Amino acid sequence: MQLLHQFLIYFIYNSCDLHNTYSSTSLKPPTFFSKMLKERRVLSANCCLVFVLCLQLTVRIVSGSLNYEGSGAGSVGTAARVVKKDERTRMVATEFGSISAVDINDGYGRNEYHLQFITMEPNALFLPVLLHADMVFYVHTGSGKLSWTEGDDVDEVSLQKGDVYRLKSGTLFFLHSNVEPERSRFRIIAMFSNPDEQLLGPSVGPYSSITDLVRGFDKPVLQASFQVPEEVIDELTSTTETPAIVHYDQKRKNKFWEEEFIFINALFGIRRLRNQRADNKKKHTETFNIYKEDPDFENCHGWSKVVTKHDLHALHGSQIGVFMVNLSKGSIMGPHWNPSATEVSVVIEGEGMVQVVCPSALTNKECKNSRIRVEEGDVFTVPRFHPMAQTSFNNGSLVFMGFSTASKKNHPQFLAGKASVLQTLDKFILGVSFNVSNTTVGELLAAQKESIILDCTSCAEEQEIVMEEEIEKARREEEERKREEEEARRREEEEKKRQEEEEKRRREEEERKRREEEERKREEEEAARRKEEEEKKRQEEEEKRRREEKERKRREEEERKREEEEAEAARRKEEEEKRRREDEEERKREEEEEAARREEEEKRKQEEEEWKRREEEERKRKEEEEAAAARKRQEEEERKREEEAKRREEEERKREEEEARKREQEEEEERRQQEEEKQRQQEQEEERRREEESRRRQEKEQKRREQEEEQKRQQEEEEQRRQQKEEEKRQQEEQKRKEEEMKEEQRRQEEEQQRQQEEEREEEQRRQEEEKRQQKEQQKRQEERQRKEKEQGRKREEEQRRREEQSEREEEEQRRQEEERGRGEEESEEEMARREEEERMKRQREQEEGGWRWGDLKFNTKSRSQ
């Protein structure tokens with residue numbers, strides 16, 4: 001597109017004899033051409049080729065040579081956008097009024113436009129707000145009063161139906177609706193724009209409530225700023241939130257205006273009311289009423305009016321203009337485009353059709369031509385350079401107003417009518433552009449007797465029918481596309497499923513191989529582990545046997561040492577007993593000698609007491625020996641200590657008695673001699689007793705040894721039984737492990753066999769399905785051959801029948817000719833010629849009918865074969 005643009009510019013530059021003018025400037029051709037267009041200089045006819053090429057595309061679009069794709073809703077990518085009345089966003093809704101909003105773009109998503117529809121009941125008040133953007137509005141119905149601040153003044157202006165006005169950003173304003181006899185609502189249609197944001201709606205909203213601005217501050221800040229008591233600030237901030245539109249109390253009218261002025265004066269420093277402003281500002285506050293001014297164009301089909309800064313001083317510095325179009329029944333606003341403005345229109349009365357054409361449909365595939373049906377309350381946009389046409393229905397008029405994005409003169413370019421741009425072009429150039437003759441171009445231009453608003457009876461109805469047909473067609477195409485997508489998706493899913501099944505089989509095969517490899521490795525590891533465990537167990541058993549052998553040798557060595565110690569203890573005990581007996585005998589002899597030296601009369605008594613004492617001592621000795629035998633080694637040390645103590649006592653007593661023995665030695669010698677015989681008897685008795693004790697001791701020792709040997713033998717048997725049990729347990733565990741391995745191997749074999757059976761079943765199923773499919777295909781081919789044979793037989797029969805009919809017709813013709821020759825004498829030559837002509841026509845028709853039947857037969861046969 002850029003190359004075409006550069007080519008056209010250079011072509012005009014070279015063809016329109018502009019080089020002389022251009023040589024005096026330092027501008028490049030594109031910049032120079034743009035400047036020429038801005039200065040609206042008149043160019044020659046050849047310079048209009050740029051319009052011809054663009055118009056050729058436009059006219060082809062209008063004439064329907066391009067495929068039209070429209071949508072009543074104007075979806076993204078279409079040439080226009082529309083927002084229905086019931087799609088507006090409700091912002092405020094009270095019993096005294098409402099506010100709804102519309103955000104709409106130009107169809108490409110580049111520019112956003114914000115519109116608000118303010119509706120106020122009679123005697124209602126729109127509370128003060130602070131504008132964040134420029135506000136251009138149109139009074140749809142009713143009347144009221146607008147009050148706003150500008151500089152240090154509070155200005156007021158009365159509003160009525162048809163008024164247009166603009167408020168700048170940063171303005172504080174409020175509205176009051178009047179009480180009219182017919183009690184009509186006060187309706188305002190407003191568009192908000194910000195020049196710094198290129199017509200985009202401000203991010204903080206179009207305006208904010210003055211109460212929100214004040215109540216947002218802390219109470220100390222408000223009290224210090226307004227210089228009022230704290231009670232006033234409390235009352236100001238503690239009241240409930242007031243709706244944006246409230247009822248206007250007439251009784252508080254004067255007080256309200258006074259309080260409002262005081263509040264605004266305190267907040268913004270305004271010093272005088274509107275009735276005190278200078279007279280030179282009067283025209284700045286004047287509104288423009290569309291209904292009171294003459295239209296820019298008017299005929300029997302309707303009228304139009306555009307409001308710019310030249311008509312309304314308040315529009316100076318604004319990018320927004322206002323227009324209104326009124327189309328009577330069955331009329332059309334001729335095809336045209338806006339070279340420097342985008343239109344945002346609102347239908348205020350009636351209904352109609354709007355057709356918008358893409359200017360670059362051949363290069364921009366995203367843009368789609370659109371037809372939209374509009375009715376009262378709908379909002380629609382048309383971008384710049386997009387040809388459009390608005391049409392009213394036969395049963396009613398269509399009135400719409402709107403806002404254009406350029407307040408300067410827009411100069412719409414019309415394609416049809418006396419004001420058409422085609423009228424300015426050379427007919428030869430137009431003929432070459434449209435590839436038609438000059439006569440056709442002349443007839444096209446000569447037929448245009450009216451301009452701008454034209455008669456177009458039933459055009460809207462036809463467009464609506466076409467639109468519905470195209471919507472239905474688009475719906476069918478969309479359904480077909482969805483079916484194709486669904487079919488493609490289904491095929492893709494089947495292919496994906498097939499690939500997944502193949503992948504699954506491949507993974508299963510890999511998994512099976514992996515499991516076999518893991519099983520093989522596990523068996524090898526298990527065999528190595530068992531071998532290692534057996535080796536380790538064998539080593540442990542050898543180590544255990546070595547420990548047992550060592551323990552056995554240690555116990556035998558301890559037993560030998562214990563026997564030696566017991567023998568040594570017995571020997572020491574016998575020696576001590578022998579010494580004790582000797583000591584005792586010595587003591588006895590001393591006692592006997594001393595007893596002999598003592599009283600003779602007490603000898604018998606002493607002998608009896610001595611006898612009793614010896615018996616008691618013998619009894620004690622026997623008890624001690626038995627206790628010593630019972631206590632064995634545990635009481636041996638205690639007995640030794642006691643015997644040592646006794647021995648020391650005996651030695652002490654022996655020393656004490658030694659002197660007495662020496663004194664009574666003579667007496668004792670005699671007594672000893674008497675007692676020797678008795679002593680010998682006692683010794684013999686003692687010897688027998690010792691022998692008996694020795695025998696009993698040996699028996700006890702033998703019994704003890706036998707018990708120990710029996711205990712040792714039992715321990716060895718217990719150990720053997722334990723080893724046997726462990727061996728049996730090990731064998732059982734080994735047998736159990738082997739059984740588990742056999743079961744695992746059997747389970748793997750069963751799984752492998754089951755898997756093979758499943759694969760065989762799947763393979764058999766696939767083979768059967770393949771055989772069924774082949775059988776079906778063979779049956780289908782057989783049916784096809786039979787059908788073809790039937791078709792050929794029917795064709796042969798038809799051909800045969802046709803030949804028979806042809807032969808019959810020829811025979812009939814010959815017969816008629818013979819009859820005619822027979823009647824030729826009676827009939828005139830004219831009658832014969834007439835009949836010949838009728839016969840010829842009849843034959844021709846029969847031949848044509850026969851050809852048609854044959855052609856239909858061939859076509860039907862071909863269709864069936866396909």
Side-chain angles (χ1 to χ4, degrees), residues 82-104 112-148 158-167 171-193 201-202 204-213 239-250 256 260 322 344-351 374-380 399-403:
V82 62
V83 177
K84 309 301 287 184
K85 184 178 180 179
D86 55 0
E87 295 176 352
R88 297 177 185 174
T89 302
R90 182 62 61 90
M91 301 177 64
V92 176
T94 68
E95 58 179 328
F96 306 110
S98 62
I99 303 174
S100 59
V102 169
D103 290 298
I104 191 170
E112 292 282 344
Y113 307 101
H114 183 77
L115 280 73
Q116 285 195 6
F117 300 84
I118 303 174
T119 302
M120 300 173 60
E121 298 291 336
N123 199 27
L125 182 66
F126 180 85
L127 297 179
V129 296
L130 178 65
L131 279 176
H132 302 159
D134 286 0
M135 172 182 172
V136 179
F137 64 89
Y138 164 77
V139 181
H140 184 194
T141 60
S143 63
K145 182 183 294 183
L146 169 67
S147 301
W148 77 95
S158 297
L159 300 176
Q160 58 183 336
K161 180 180 179 180
D163 280 349
V164 178
Y165 198 69
R166 173 215 176 193
L167 294 177
T171 302
L172 180 72
F173 79 95
F174 58 91
L175 295 169
H176 170 226
S177 59
N178 296 334
V179 181
E180 296 183 351
E182 59 274 12
R183 296 188 62 81
S184 61
R185 294 178 177 177
F186 185 39
R187 291 187 177 92
I188 290 179
I189 302 173
M191 181 173 178
F192 299 88
S193 66
V204 295
Y207 52 78
S208 58
S209 173
I210 191 66
T211 57
D212 294 338
L213 296 177
T239 57
T240 59
E241 185 177 355
T242 307
I245 301 176
V246 297
H247 179 65
Y248 180 61
D249 191 357
Q250 292 287 348
F256 171 79
E260 190 69 23
V322 181
V344 183
S345 304
V346 182
V347 180
I348 60 178
E349 183 181 345
E351 56 185 6
V374 294
E375 54 189 10
E376 183 177 349
D378 293 349
V379 180
F380 64 93
V399 182
F400 60 93
M401 62 80 55
F403 306 93

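Nothing fancy with the numbering, it's 1 onward along the sequence. Just so you know, these numbers use all the heavy atoms, side chains as well, and skip hydrogens, waters and symmetry mates. Quantities reported herein were computed from a predicted structural model and do not represent experimental measurements.
To the nearest 0.5 angstrom, D163 atom CG is 9.0 Å from S158 atom OG. The distance from atom CZ of R88 to atom CD1 of I99, rounded to the nearest 0.5 Å, is 13.0 Å. Separation of atoms CG (L159) and CG (L175) is listed at 7.0 Å; rounding is to 0.5 Å. Separating the CG atom in D86 from the OG atom in S100 is a distance of 11.5 Å, to the nearest 0.5 Å. Atom CD1 of I210 is separated from atom CG of L172 by 5.0 Å, given to the nearest 0.5 angstrom. The OG1 atom of T89 sits 6.5 Å away from atom CG of D103, with the distance rounded to the nearest 0.5 Å.
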request  = Test F380 against V347 for side chain to side chain contact (heavy atoms under 4.5 Å, CB included), laying out the working first.
outcome  = CA-CA 9 Å; F380 64 93; V347 180; 3.9 Å; yes
message = Show, in sequence, the C-alpha distance, side-chain angles and deciding distance for V92 and F126, and conclude whether the side chain to side chain contact (heavy atoms under 4.5 Å, CB included) test is met.
response = CA-CA 11 Å; V92 176; F126 180 85; over 6 Å; no
task = Apply side chain to side chain contact (heavy atoms under 4.5 Å, CB included) to the pair I348 and Y138, showing each step before the final yes or no.
result = CA-CA 11 Å; I348 60 178; Y138 164 77; 4.1 Å; yes
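Here the closest non-hydrogen pair linking E121 and R185 is OE2-NE, 3.0 Å. Annotation for T211 and S209: closest pair OG1-OG, 2.8 Å, computed over non-hydrogen atoms. For the residue pair I245 and S98, the shortest heavy atom distance occurs at CD1-N, 3.8 Å.
Looking at S147, its side chain never comes within 3.5 Å of a backbone N or O of F174 through a donor-acceptor pair. For H176 (side chain) and K145 (main-chain N/O), no donor-acceptor pair under 3.5 Å exists by modelled atom type. Panel note: side chain S345, backbone G402; no donor-acceptor pair is recorded below 3.5 Å. Remark: the backbone N or O of L131 is not paired with any side-chain donor or acceptor of T171 at under 3.5 angstrom. Of the possible polar contacts, none joining the T119 side chain to the G97 backbone as a donor-acceptor pair under 3.5 Å is found.
You'll find the side chain of F137 stays beyond 4.5 Å of the side chain of I118, heavy atoms only. Under the 4.5 Å side-chain criterion, counting only non-hydrogen atoms from C-beta, V139 is in contact with F186. Side-chain contact between V379 and V344 is present, with heavy atoms from C-beta onward closer than 4.5 Å.
A donor atom on one side chain and an acceptor atom on the other are found under 3.5 Å apart for H114 and Q116.
Note on ring orientation: taking the six-membered ring where Trp is involved, the planes of Y207 and F173 are perpendicular (angle over 60°, cut-offs 30° and 60°).
Salt bridge present: K84 and D378 bring a charged side-chain N and a carboxylate O closer than 4.0 Å.
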